[in-house]
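One structure is given here, and the rest of the page talks about it.
Lettering follows sequence order; numbering is per chain, from 1. Quick note: numbers below take in every heavy atom, side chains included, and nothing from hydrogens, waters or symmetry partners.
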Amino acid sequence: MRTGSIPLDGLAGGLDLATTIESGQTYLWTRDDGETYATAPAPDAWYSTVVDGDVVRARRRDDAIEWESTTDADSLLHELLRLDDDLPAIRDAAADDPLVADAYERHAGMRIVDDPFFGCLVSFICSAQMRVERIFEMQASLREAYGESVTADGRTYRATPTPDALAAATEADLRELGLGYRAPYVKRSAELVASGDLTESDVRRDDLEAARDALKGFVGVGDKVADCVALFSLGHLDAVPLDTWIQSAIEEHYPDCARDSYAETSRAIRERFGPNAGYTQTYVFHHLRTGA
DNA sequence: CTCCAGGGAGCCT
DNA sequence: AGGCTCCATGGA
């Protein structure tokens, strides 16, 4: 495999690789130790993923991100981990309140990811009423059962299942992987993509609310999941997924932003969090969920 | 045992 | 549009 290194001091705000990958934004990476993300990673733990048939491995090594890949992964990593985002500028422009300041400070270096679309879509369809640790397990199970194998340097990696593969699976097959009532959602949404009836290009809109409405055409995708896909795969950094953690945070810390409908609460909290509100949401979510 | 987890579909008014 | 009810599964 090819290798390379990305110096952290060349990135505005650096990069906390482990937190970025394990904070519940992306479920498409595998930690080398095979743990289920329930345990803390080693400081220099390797993470791997497969993108368009290429294996990408990355870990923190001293003051750089070291990578190995079947392709030149430098630009790919910049894309997947949004390494060009200026974290200090994003933080400075964010809302100035104790919760937000604490979240940014405690998890400095965490970045929003830019996941490949279909894997992100399936991940967050599966996320409904699920703990983060189990979402990781479910995506690993889907890769193991339906992902294409890619071998590099004698090791085998599993790609994200294709729409065709998941559309061909039976609902019973998917239920056996522990997907529960999400099984038919995954299958039907995979069918929509595989048939071309609703695809990534249909949901790539410049406006967040237009993208969200289009995303809700998938099965198992409502307002919250649509916002997650918009934020973690379509580059809508203003998207603020209103999950249970953020909703209770709004009740406790921003009660004036609480509205009757998702759409109105979303608008209010986006205005409160300021530019790149999705970044702030992700920091606050991780901060609250990890009990920091 | 009960309760909860990064919600959404289906059906009702 | 807005309000129910039900939905699988595993861990606490």
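- Checked against the 6.0 Å centroid criterion, the rings of A/Tyr279 and A/Tyr104 do not qualify as a close aromatic pair.
- Although no hydrogens or angles enter the test, the distance criterion places no donor-acceptor pair under 3.5 Å between the side chain of A/Arg82 and the main chain of A/Arg111.
- Rounded to whole Å, the separation between the P atoms of C/dA8 and B/dC11 comes to 15 Å.
- Comparing the same atom, C1', in C/dG2 and in B/dG6 gives a spacing of 23 Å after rounding to whole Å.
- Across all strands, A/Asp223 comes closer than 4.0 Å only to sugar-phosphate atoms, never to a base (heavy-atom distances).
- Distance CG (A/Leu179) to P (B/dA9): 15 Å, rounded to an integer number of Å.
- Of the two residues contacting DNA chain B, namely A/Ala226 and A/Arg134, the nearest-nucleotide position lying further toward the 5' end is that of A/Arg134.
- The side chain of A/Tyr181 sits closest to C/dC7 out of B/dG10, B/dG8, C/dC7.
- Atom pair A/Ile135:CD1 and C/dT9:P shows a separation of 17 Å (rounding to whole Å applied).
- Atom C1' of nucleotide C/dG11 and atom CD of A/Glu133 are separated by 11 Å, given to the nearest angstrom.
- Ring stacking holds between A/Phe285 and B/dG6, with the centres under 5.5 Å apart and the planes within 30 degrees of each other.
- Separating the CD atom of A/Glu176 from the P atom of C/dG10 is a distance of 12 Å, rounded to the nearest angstrom.
- Considering only the side chain of A/Arg182, C/dA8 comes nearest among B/dA9, C/dA8, B/dG6.
- Closest to the side chain of A/Arg131, out of C/dG2, C/dG10, B/dG7, is C/dG10.
- Closest-nucleotide positions on DNA chain B for A/Met130 and A/Phe218 were compared, and the one nearer the 5' end corresponds to A/Met130.
- On a pure distance criterion of 3.5 Å, no polar donor-acceptor pair joins the side chain of A/Tyr262 and the base of B/dG7.
- Searching all strands for a Watson-Crick or G-U wobble partner of C/dT5 with both distances below 3.5 Å returns B/dA9.
- Residue A/Gly220 is classed as a sugar-phosphate contact, given heavy-atom separations below 4.0 Å to backbone atoms only.
- Distance A/Gln129 CD to C/dA8 P: 13 Å, rounded to the nearest Å.
- The interatomic distance linking A/Tyr27 (OH) with B/dA5 (C1') rounds to 11 Å, in whole Å.
- For the C1' atoms, the distance linking B/dA5 with C/dG3 amounts to 23 Å, nearest Å.
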What do the steps show when you test A/Leu142 against A/Leu166 for side-chain contact (heavy atoms from CB on, under 4.5 Å), and what is the final call? CA-CA 9 Å; A/Leu142 284 171; A/Leu166 293 183; 4.1 Å; yes
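- With A/His236 contributing its side chain and A/Arg205 its backbone, the two residues share a donor-acceptor pair below 3.5 Å.
- Between the C1' atom of C/dG2 and the CD atom of A/Glu264 lies a distance of 14 Å, rounded to the nearest Å.
- With rounding to whole Å, A/Leu215 atom CG is found 17 Å from B/dA9 atom C1'.
- Nucleotide B/dC4 has C/dG10 as its partner under the Watson-Crick or G-U criteria, with both atom distances under 3.5 Å.
- Using modelled atom types, no side-chain atom of A/Thr70 and backbone atom of A/Met1 make a donor-acceptor pair closer than 3.5 Å.
- Neither OP1 nor OP2 of B/dA5 sits under 4.0 Å from any side-chain N or O of A/Ser127.
- Classification of A/Glu264 and A/Arg267 as a salt-bridged pair holds, one side-chain N sitting under 4.0 Å from a carboxylate O.
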